[in-house]
Amino acid sequence: MKTNLSSQIKLDRVSRRYYAPQGDIEIAALTREEKVYTRIFETADDGSRYLARHVAEVISECVSARGRCVMAIGAGRATHNVYKHLIGMHVRGEVSFEKVTVFNLSEFFPLSPDGPSTLTRLKEVFLDHVDVREENIHSINPAVTMESMFDYCKEYERKIAECGGLDLTVCEIGPGGALAFNEPGSRSTSLCRLVLLGAETRHEIQSAYACDECPSTAITLGLGNILSSTHVMCMAWGETISRVVQKTVEGPVTDTVPASFLQLHNHTRIALDLGAADDLTRISHPWKVSSCEWDAKLIRRAIVWLCEQTGKPILKLTDKDYTDWGLGELVALYGSAYNVNIKVFNELQHTITGWPGGKPNADDSSRPERAAPYPKRVIVFSPHPDDDVISMGGTLKRLVDQGHDVHVAYETSGNIAVGDEDMMRYFMMMDKIAPMFGFANEEYLRLSLDVRRLVENKKNASEADTPQVREIKTMIRQAEAAIACNYIGVKPENVHFLRLPFYETGTIKKGDLTERDVEIVKSLLEEVKPHQIFVAGDLADPHGTHRVCTDAVFAAIDDLKQEPWMKDCRIWMYRGAWAEWEIDHIEMAVPISPEELRFKRNSILKHQSQMENAPFLGDDDRLFWQRAEERNRATAKLYEQLGMASYEAMEAFVQYHPDSNP
């Protein structure tokens, strides 16, 4: 079973030559905008393995040279996979930590018994699994007071100096470009100190530690301490960090992006996956740094970029525009600007369709979907019980109205996203109507009382619900999803609640994808034998549920791709809740009228528990219906600016090709 196929999505869109160049000349050309040594890998796991090997090399060199190695390590989520590979290397006898001294990069202040702790996290994910000696682990003393803070920080630095200084620092690029807890505004010479945590960092902490209350302050080694380390191993994974990564690696050195000070360090290695590298010049605009391997998608990206630079629609671009902006190679390749313009214009024009399931009895040679068979059997996989309407509510309505047999499969219960207050609203109503309908019996009254007590006795919102409460919250989300499907017109028997087991931990932290999850998806696919599958392609949700759900569908498809019915099935990836597809990769764009956009909004609003009280909105303060509308309008506006017809909004899709992935 292949459980990480979602990581391959990017490979369809980026030539290997750009992220893994061969030869010194090619490397020098492609990386000339980069001011710090940076390696890009296909997946975070590949990048983590690379860094783990280099950490082991530094340890070996230091132990050989002076009998020990001194490391400062961070507890950020991006580092955990590096530690996993180091543990594996230790188990295989490839590295020992017996002569390693570890300093915790940062710790929350004040520390509370029930609150988050970076040292506790480091022990859980790394230190307790290797042979580092307890006496060689140094962290912030939770007993430190505000009055003794300055002296304590100096003492912490003195301990590092007594050990001979830092040989190695392992850390991640954090929100806003933070290193450790050095927030934007930190000076390059800053030392160990108490810092105020920014809003982005606190949100990340709440997500990573599943805590209700997040400390507002922390003690951290300063940028001066980090930069004094002989080696720095730094990492970033995922699309959400890509803009900060670009500023870190290619932008000016500035205290507004603390990680940019790594440009001043001679022995820094930054490892990125393709998502985190998305905004680096060699990935996003390779024509600026090298001659290109021009394919249809890269040409489209270059022309869209050229339109943005010149403020012109596609068909008004001239030979001079191409030459002035470094794209003369395309004019030479196609003979004239007009030839390039009309090629890209027609390609974009042909992505637009009001028939997402294919138009019956029509010439489909230039349409994104085939006309036959009609009607089609369609499955829309939704990670949570509202992602379907948030991301493709307009398209879903079109598919139903155009006569297709549409199934919606909700992959998880989404129960942890229902607040206690929303649940109690239902109990308050049921308590009132129970006597009217004759179910105010002892069993119901006991259930109502037990739930009230459980809610009242909760210490914080992150405390795990009991199985009974989780089941009630599951019912709430299923009811909302069923109402939304009914509003759209999906048949009740075509609504499937899969409740994949990986999700049912009762906490924000989920289990790993297993065969059980994939078999549930396979069973539905084999039952329906769809002609179309729609699946989530926005993998930037803060808790990773979308990625696991998408991996479950892709793993099932991979197992079934040789089936005759699968050979006649197309897979479309949607986005919406967390990101939108770049226009150069869009292969199907479904226009939405003002009336259809209002209908989509209303279908999202059927999920009442996910409105103002939704606990997992991420860094985006907009509600889900607001995000969806604004992203859909922005896509339509971009098509209009490029010279296409003007629509109120558009939902965009990219096709997934299972045979193109390893």
Side-chain angles (χ1 to χ4, degrees), residues 5-34 37-43 46-47 50 239 242 245-246 249-250 271-310 314 317 319 321-348 350-351 368 537 573 581-587 642 652 654-662:
L5 287 172
S6 64
S7 65
Q8 307 295 321
I9 292 173
K10 207 81 173 177
L11 302 185
D12 287 342
R13 298 147 55 193
V14 181
S15 169
R16 182 175 178 82
R17 174 192 160 205
Y18 303 135
Y19 63 85
Q22 301 296 312
D24 292 342
I25 295 176
E26 183 78 351
I27 292 171
L30 284 167
T31 63
R32 69 171 183 257
E33 296 286 332
E34 297 168 17
Y37 184 80
T38 304
R39 289 285 303 272
I40 303 171
F41 298 87
E42 292 181 0
T43 68
D46 292 339
Y50 162 83
E239 296 175 10
S242 60
V245 165
Q246 188 276 329
V249 174
E250 296 184 343
L272 311 171
D273 64 359
L274 277 171
D278 205 29
D279 287 325
L280 292 184
T281 301
R282 60 169 147 150
I283 302 298
S284 61
H285 304 100
W287 55 86
K288 291 184 178 181
V289 292
S290 177
S291 60
C292 291
E293 299 171 358
W294 292 105
D295 59 19
K297 290 180 180 178
L298 188 59
I299 292 171
R300 195 194 298 184
R301 171 171 283 211
I303 278 39
V304 170
W305 172 81
L306 184 57
C307 290
E308 291 172 348
Q309 304 308 307
T310 61
I314 294 172
L317 295 173
D319 287 3
D321 293 326
Y322 280 85
T323 303
D324 288 350
W325 290 95
L327 289 172
E329 189 176 6
L330 283 176
V331 175
L333 193 63
Y334 284 90
S336 70
Y338 175 80
N339 290 339
V340 188
N341 295 348
I342 202 68
K343 166 186 163 53
V344 175
F345 181 87
N346 286 337
E347 285 178 0
L348 280 170
H350 292 157
T351 64
M573 298 182 293
W581 292 112
E582 303 93 333
I583 195 169
D584 46 306
H585 296 301
I586 293 172
E587 293 171 283
L642 293 172
V654 171
Q655 192 174 355
Y656 174 75
H657 302 276
D659 290 334
S660 68
N661 292 295

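Note that the structure is a prediction, hence the values are computed from the model and not measured. Throughout, residue positions are numbered sequentially from 1 according to the sequence presented.
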Q. What heavy-atom pair brings Phe41 and Asp46 nearest, and what distance separates the two atoms?
A. CB-CB, 3.8 Å
Q: Heavy atoms only: give me the nearest Ser242-Gly275 pair and the separation to one decimal.
A: CB-O, 3.5 Å
Should [X] and [Y] count as side-chain neighbours, where that means a heavy-atom distance under 4.5 Å?
X: Asp273; Y: Thr43; answer: no
X: Asp324; Y: Thr310; answer: no
X: Glu33; Y: Lys288; answer: no
X: Thr38; Y: Thr31; answer: no
X: Leu298; Y: Tyr18; answer: yes
X: Lys343; Y: Ile303; answer: no
X: Arg300; Y: Thr351; answer: yes

**Q.** Intermediate values then yes/no, side chain to side chain contact (heavy atoms under 4.5 Å, CB included), Leu317 and Val340
**A.** CA-CA 9 Å; Leu317 295 173; Val340 188; over 6 Å; no
Salt bridge (Lys or Arg N to Asp or Glu O under 4.0 Å) with [X]: which residues, sequence neighbours excluded?
X: Asp319; result: none
X: Arg32; result: none
X: Glu34; result: Arg282

Q. Where do Glu582 and Val304 land on the side chain to side chain contact (heavy atoms under 4.5 Å, CB included) test, with the steps shown first?
A. CA-CA 10 Å; Glu582 303 93 333; Val304 170; over 6 Å; no
Rounded distance [0.5 Å steps], [atom1] in [X] versus [atom2] in [Y]:
X: Phe345; Y: Leu642; atom1: CZ; atom2: CG; answer: 9.5 Å
X: Ile342; Y: Ser336; atom1: CD1; atom2: OG; answer: 10.5 Å
X: Arg301; Y: His585; atom1: CZ; atom2: NE2; answer: 4.5 Å
X: Leu327; Y: Leu306; atom1: CG; atom2: CG; answer: 5.5 Å
X: Trp325; Y: His285; atom1: CH2; atom2: NE2; answer: 11.0 Å

Q | Aromatic ring pairing Trp294/Trp287, orientation class (parallel under 30°, perpendicular over 60°, tilted between) | A | parallel
Q: Going by the side-chain contact (heavy atoms from CB on, under 4.5 Å) test, name the single residue among Glu250, Gln246, Glu239 that passes it with Asp279.
A: Gln246
Q. Would Val331 and Thr323 satisfy side chain to side chain contact (heavy atoms under 4.5 Å, CB included), going step by step from the backbone distance to the final call?
A. CA-CA 8 Å; Val331 175; Thr323 303; 5.5 Å; no
Is the backbone N or O of [Y] less than 3.5 Å from a side-chain atom of [X], with the two atoms forming a donor-acceptor pair by type?
X: His350; Y: Asn346; answer: yes
X: Glu587; Y: Gln655; answer: yes
X: Ser290; Y: Pro286; answer: no
X: Trp305; Y: Ser284; answer: no

